[in-house]
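Note on naming: letters A, B, ... go to the chains in the order of the sequence lines (proteins, then strands), and numbering restarts at 1 for each one.
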There are 2 protein chains.
Amino acid sequence: MADPTKRLPKLPVERALKVIAGRWKPVILYYVFDGPKRLSELKRMMPDITQKVLIQQLREMEEHGLVGRRVFAEVPARVEYTATELGLALEPVLLALCRWGQRHAEEQNELDELADCIVHPRASQARANTAA
Amino acid sequence: MADPTKRLPKLPVERALKVIAGRWKPVILYYVFDGPKRLSELKRMMPDITQKVLIQQLREMEEHGLVGRRVFAEVPARVEYTATELGLALEPVLLALCRWGQRHAEEQNELDELADCIVHPRASQARANTAA
DNA sequence: CGGAATCCCCCGTGATACTG
DNA sequence: CAGTATCACGGGGGATTCCG
């Protein structure tokens, strides 16, 4: 990374999606938005993620200017990750995505329940809409 | 597809991201938001996308309830894709992503220009990693 | 915390099929 | 024939696992 060959997309939407694309990035951001967090904290908050992957995702977000990294020269070395201004600007967007995701889940689950009553799980088959 | 094993994520954010994830989905949505479009139209608007992939992405978005599909039994077979209510609800979110992407592009490019004046293009290197 | 091997999914190419 | 949809195949990148 930091590789000139791996440039971000030109279209703003795709660029934004690319930046927040990553198995754990939204979750990490969720915690970091709340305030500075050190690595061990994040690790404890998300037990299902490997330390390597966690650091990996943090590194990428750092390169993309979403989070900042501060190293404290204390006895037990200490590293804190904080959200940058640019990163914080992403919070409302992620919240919007979250809300839409909830609505989507509700509506889709409703359809799934209805689908249980009918035969086929796929509605795309018996569909001959001959509208004019 | 329509495979019960491939369920969407539980977390709303990830669910939303998963649904709009796809090389061409944002672009397709952009056009479909403007009004009903038939396949050949979309193909003409986006020359760089293959017919197969186009149909693929449309199918997925249909299964996810983002777009609707209408088949007209005319002389040359005709199919129109339209945005659903749920799909339209996504428009402001995509716009927000777009705006943030623009800002991100501006700020990042500024940093890149500054980096030209300094020595190292990578800031992640000379960082005292004293963690074990 | 880095590197290598691995798996799997996304996407692209080209050819083919179906329907009036 | 024109428009729509599908299939067989292959490459590439992200994510996971194991090892040092």
Side-chain angles (χ1 to χ4, degrees), chain A residues 1-3 5-9 11 14 17-28 38-40 42-43 46-64 69 71 76-79 81 122 124-132, chain B residues 1-3 5-9 14 17-28 32 36-64 67-82 122 124-132:
Chain A
M1 303 87 202
D3 191 353
T5 67
K6 284 190 74 175
R7 286 255 153 76
L8 291 173
L11 277 73
E14 300 183 351
L17 286 174
K18 185 99 180 179
V19 168
I20 60 180
R23 178 66 183 82
W24 300 96
K25 286 181 188 172
V27 190
I28 298 176
R38 40 186 313 186
L39 187 69
S40 48
L42 292 172
K43 207 171 19 167
M46 302 171 289
D48 293 351
I49 181 177
T50 310
Q51 179 169 344
K52 173 190 179 178
V53 181
L54 175 58
I55 295 181
Q56 204 170 267
Q57 310 259 307
L58 284 169
R59 284 262 198 282
E60 293 179 14
M61 291 195 288
E62 185 191 1
E63 291 178 359
H64 291 153
R69 195 181 114 129
V71 182
R78 173 175 168 179
V79 179
Y81 292 91
R122 177 105 188 283
S124 315
Q125 218 71 307
R127 185 179 40 181
N129 292 347
T130 53
Chain B
M1 305 94 200
D3 192 350
T5 67
K6 284 189 72 175
R7 287 253 153 79
L8 292 173
E14 299 185 351
L17 286 174
K18 184 99 179 180
V19 166
I20 61 180
R23 177 65 183 84
W24 300 96
K25 285 181 188 173
V27 191
I28 298 176
V32 174
K37 297 280 175 295
R38 46 182 307 186
L39 186 71
S40 47
E41 281 184 288
L42 293 172
K43 205 173 18 170
R44 204 175 336 108
M45 295 174 179
M46 301 173 289
D48 293 352
I49 183 178
T50 308
Q51 181 166 350
K52 181 215 169 181
V53 179
L54 176 56
I55 296 180
Q56 204 171 270
Q57 309 258 309
L58 284 168
R59 281 267 195 279
E60 293 180 14
M61 290 196 287
E62 186 192 0
E63 291 177 359
H64 292 154
V67 299
R69 196 182 104 134
R70 314 185 73 192
V71 181
F72 299 82
E74 299 180 352
V75 183
R78 175 175 164 178
V79 180
E80 270 189 7
Y81 293 90
T82 74
R122 177 110 187 279
S124 315
Q125 215 73 302
R127 217 167 18 183
N129 289 347
T130 44

Using the side chain to side chain contact (heavy atoms under 4.5 Å, CB included) criterion, which residues pair with [X]? Sequence neighbours excluded.
| X | answer |
| --- | --- |
| B:Lys37 | B:Asp34, B:Glu41, B:Leu42, B:Met45 |
| B:Arg23 | A:Glu14 |
| B:Thr50 | B:Lys52, B:Val53 |
| A:Leu39 | A:Gln51, A:Leu54, A:Ile55, A:Leu58, A:Tyr81 |

Select base, sugar-phosphate, or nothing to describe what [X] touches, counting heavy atoms under 4.0 Å on all strands.
| X | answer |
| --- | --- |
| A:Leu54 | nothing |
| B:Ile55 | base |
| B:Glu41 | nothing |

| task | Look at the side chain of B:Gln56 and decide which nucleotide, out of D:dT6, C:dC11, D:dT4, has an atom nearest to it. | result |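 Nearest listed nucleotide: C:dC11.
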
| field | Selected nucleotide, minimal atom distance to B:Gln57 side chain, candidates C:dC11, D:dT16, D:dT4 | value | C:dC11

Separation of [N] [atom2] from [X] [atom1] (nearest whole Å):
| X | N | atom1 | atom2 | value |
| --- | --- | --- | --- | --- |
| A:Trp24 | D:dG14 | CH2 | P | 18 Å |
| B:Met61 | C:dC10 | CE | P | 14 Å |
| A:Glu60 | D:dG14 | CD | P | 8 Å |
| B:Arg70 | D:dA5 | CZ | P | 15 Å |
| B:Arg69 | D:dT4 | CZ | P | 10 Å |
| B:Gln51 | D:dA8 | CD | P | 17 Å |
| B:Glu80 | D:dG3 | CD | P | 15 Å |
| B:Lys37 | D:dG3 | NZ | P | 18 Å |

| message | Strictly distance-based, threshold 3.5 Å: is any side-chain N or O of B:Glu80 a donor or acceptor partner for the main-chain N or O of B:Pro36? | response |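 No, B:Glu80 side chain to B:Pro36 backbone: no donor-acceptor pair under 3.5 Å.
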
Does [N] have OP1 or OP2 sitting under 4.0 Å from an N or O in the side chain of [X]?
| X | N | result |
| --- | --- | --- |
| B:Arg38 | D:dT4 | yes |
| A:Arg59 | C:dG2 | yes |
| B:Tyr81 | D:dA5 | yes |
| B:Arg23 | D:dG12 | no |

| note | Residues at least two apart in sequence or cross-chain that pass side chain to side chain donor-acceptor pair (under 3.5 Å) with B:Thr82, listed by chain then number, are none

Expected rows: protein N/O vs nucleotides 17-20 of chain D N/O, under 3.5 Å:
from	atom 1	to	atom 2	distance (Å)
D:dT17	O4	A:Lys52	NZ	3.4

| remark: Between A:Pro26 and B:Leu17 the two heavy atoms that sit nearest each other are CG-CD1, 3.7 Å

